[in-house]
There are 2 protein chains.
Amino acid sequence: MVIVTDDTADNKQTMDNLLKYIRSLTSFSETSWELLQPALTKKTFKKKELLLEQGQVCNSLFYIDNGYCKSYYDIDGVQKNTGFFFENEIATNINSFGSGQKSGFNIVACEPLIAIVFDKDKLFQATKQTHEIETLGRNCIRLFATKQEEFSTLFKLYSAQERLEYLEAKYPEMLQRVSLSQLASFLGVARETLSRIRKRRTLA
Amino acid sequence: MVIVTDDTADNKQTMDNLLKYIRSLTSFSETSWELLQPALTKKTFKKKELLLEQGQVCNSLFYIDNGYCKSYYDIDGVQKNTGFFFENEIATNINSFGSGQKSGFNIVACEPLIAIVFDKDKLFQATKQTHEIETLGRNCIRLFATKQEEFSTLFKLYSAQERLEYLEAKYPEMLQRVSLSQLASFLGVARETLSRIRKRRTLA
DNA sequence: TTTATCCTGTGATAATAGTCACATAATTAA
DNA sequence: TTAATTATGTGACTATTATCACAGGATAAA
């Protein structure tokens, strides 16, 4: 028995994953998919490799096929994490991408990463061809907005411990894959504090 | 000299404001503007009147022409503010509007409010007619996402005092128009704490 | 394997923020 | 105008979190 595992087959799988993701968001014809192709490039990143660097303009959307990445600000040499992006999510700086302003944060691969990069200019070309691509874009941004709103609300409504419990309930994968110190930064608490909160919870 | 101040003139002014706002976001032809009309209704709200109620599905976008409103969660009878929306902003629950899920929060007029309501179904009809309306929608959501991201980042990067200073620098209008106790909730601190932070700052 | 690096846990202490109580000021309604 | 309501300031005290220091464990690289 021969199992095909060459690059071509891998690429096909990755592209299939993306199409499946897209179709989970909106109806998407074969024609739209063909029109979208010129905007797409498969790309791999090594662990710790930057997808986006602070000070640069973000001209890409990154569909995460495998691995995960995070966004972070560098504040006086300390990394403050603001988001984690796993499989079947889009990572980007939506503000920089949309407005052309410089990005205030970095995006870095936390594991070896397989992504499909959407080129902004080519995507906008494709967008003009069909409503489906435009609708896709709108839905992607809406999901992004919803998530941001969700996390910003977390801080207004809940204590650090409640925020942790929320993530445990709603994003268990994040807890599994992200280290305590990385998560602490995202939750806006010191790692020591998160360690103690976790201990309190396992005792109680 | 006769100054025309009847309803018709008022409506025209409000509509003109909206068109100006739209054209600040994207190019928008007279044709698109005409196509959009069926989706629009001018509406006024009294102070404390609800634009959106928790548990209802949000089927509207509210362009704020005059006055301001806020979004808040009711947690055990206590109002926790999550957003303020002033003139030339769009207030809505983007998640509920986009997904059809019930809203988890309320939106209420904090002053007598003049708004233009976008009806969802009619807006979607209009969206199919021209790319410009779809692009407008995408830009509105992007602005919304950017703002949510900005505020959620605030909590991860800054202390309560730094968050206040950020608002003072970037959204001075909010400080002017929103009372201390309302703002405290938005900043995720007790009103007493915000009062003391403010005192510390005026002394220093 | 061995070293180096990173991650986690924990004590001690300081800083920050929350809660309760109450006085006063400001605003709104009668 | 007066009364009622709402908003703010502040003291006292408690709770939570940050910071520093250091030890031990896990992981990765040589």
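A, B, ... follow the sequence lines: proteins, then strands. Residue 1 opens every chain.
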Visitor: Is the ring pair B:F186/B:F151 parallel, tilted or perpendicular, if the boundaries are 30 and 60 degrees?
Guide: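 B:F186 and B:F151: perpendicular rings.
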
Visitor: In whole angstrom, what separates B:I197's CD1 from C:dA17's P?
Guide: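 Going from CD1 in B:I197 over to P in C:dA17 covers 5 Å.
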
Visitor: What is the distance from CZ of B:R198 to C1' of D:dT10, rounded to the nearest Å?
Guide: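 Nearest whole value for this atom pair: 14 Å.
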
Visitor: Roughly, in whole Å, what's the span from OH in B:Y158 to P in D:dT17?
Guide: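 From B:Y158 OH to D:dT17 P: 22 Å.
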
Visitor: Can you measure B:K48 atom NZ to D:dT5 atom P for me and round it to whole angstrom units?
Guide: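 Result: 11 Å.
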
Visitor: Using whole Å, what does the distance between atom P of nucleotide C:dA17 and atom CZ of A:F155 come to?
Guide: 15 Å

Visitor: Look at the aromatic rings of A:Y63 and A:Y21 and report parallel, tilted or perpendicular, splitting at 30° and 60°.
Guide: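 Plane angle between 30° and 60°, so tilted.
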
Visitor: For B:R196 and B:L180, find the nucleotide of DNA chain D closest to each by heavy atoms; which residue's nucleotide sits nearer the 5' end?
Guide: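 Per heavy-atom nearest nucleotide, the more 5' residue is B:L180.
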
Visitor: Quick test of your reading of the model: are B:E173 and B:R177 salt-bridged, counting only N-O distances below 4.0 Å?
Guide: yes

Visitor: Rounded to the nearest Å, what distance is computed from the CD atom of residue A:E111 to the C1' atom of nucleotide D:dT27?
Guide: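 Checked: the CD to C1' distance equals 15 Å.
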
Visitor: Is the distance from OP1 or OP2 of D:dT8 to the nearest side-chain N or O of B:S195 less than 4.0 Å?
Guide: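 No.
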
Visitor: Nearest nucleotide by nearest heavy atom, which residue falls closer to the 5' end of DNA chain D, A:E192 or A:S159?
Guide: A:S159

Visitor: Is there a side-chain contact between A:K199 and the phosphate of C:dT10, meaning an N or O under 4.0 Å from OP1 or OP2?
Guide: yes

Visitor: Thinking salt bridges, do B:K20 and B:D16 make one under a 4.0 Å N-O criterion?
Guide: no

Visitor: Just how far, in rounded Å, is C1' of C:dT28 from NZ of B:K46?
Guide: 17 Å

Visitor: For D:dA18, take OP1 and OP2 only and decide whether either is under 4.0 Å from a side-chain N or O of A:R191.
Guide: no

Visitor: Give a yes or no on this: more than 12 heavy atoms of other residues, nucleotides or ligands lie within 6.0 Å of atom OH of B:Y166.
Guide: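 Correct, the count exceeds 12.
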
Visitor: Round to a whole Å and report the spacing from CD of B:Q161 to P of D:dA18.
Guide: 16 Å

Visitor: For D:dT16, does either OP1 or OP2 sit under 4.0 Å from a side-chain N or O belonging to A:R200?
Guide: no

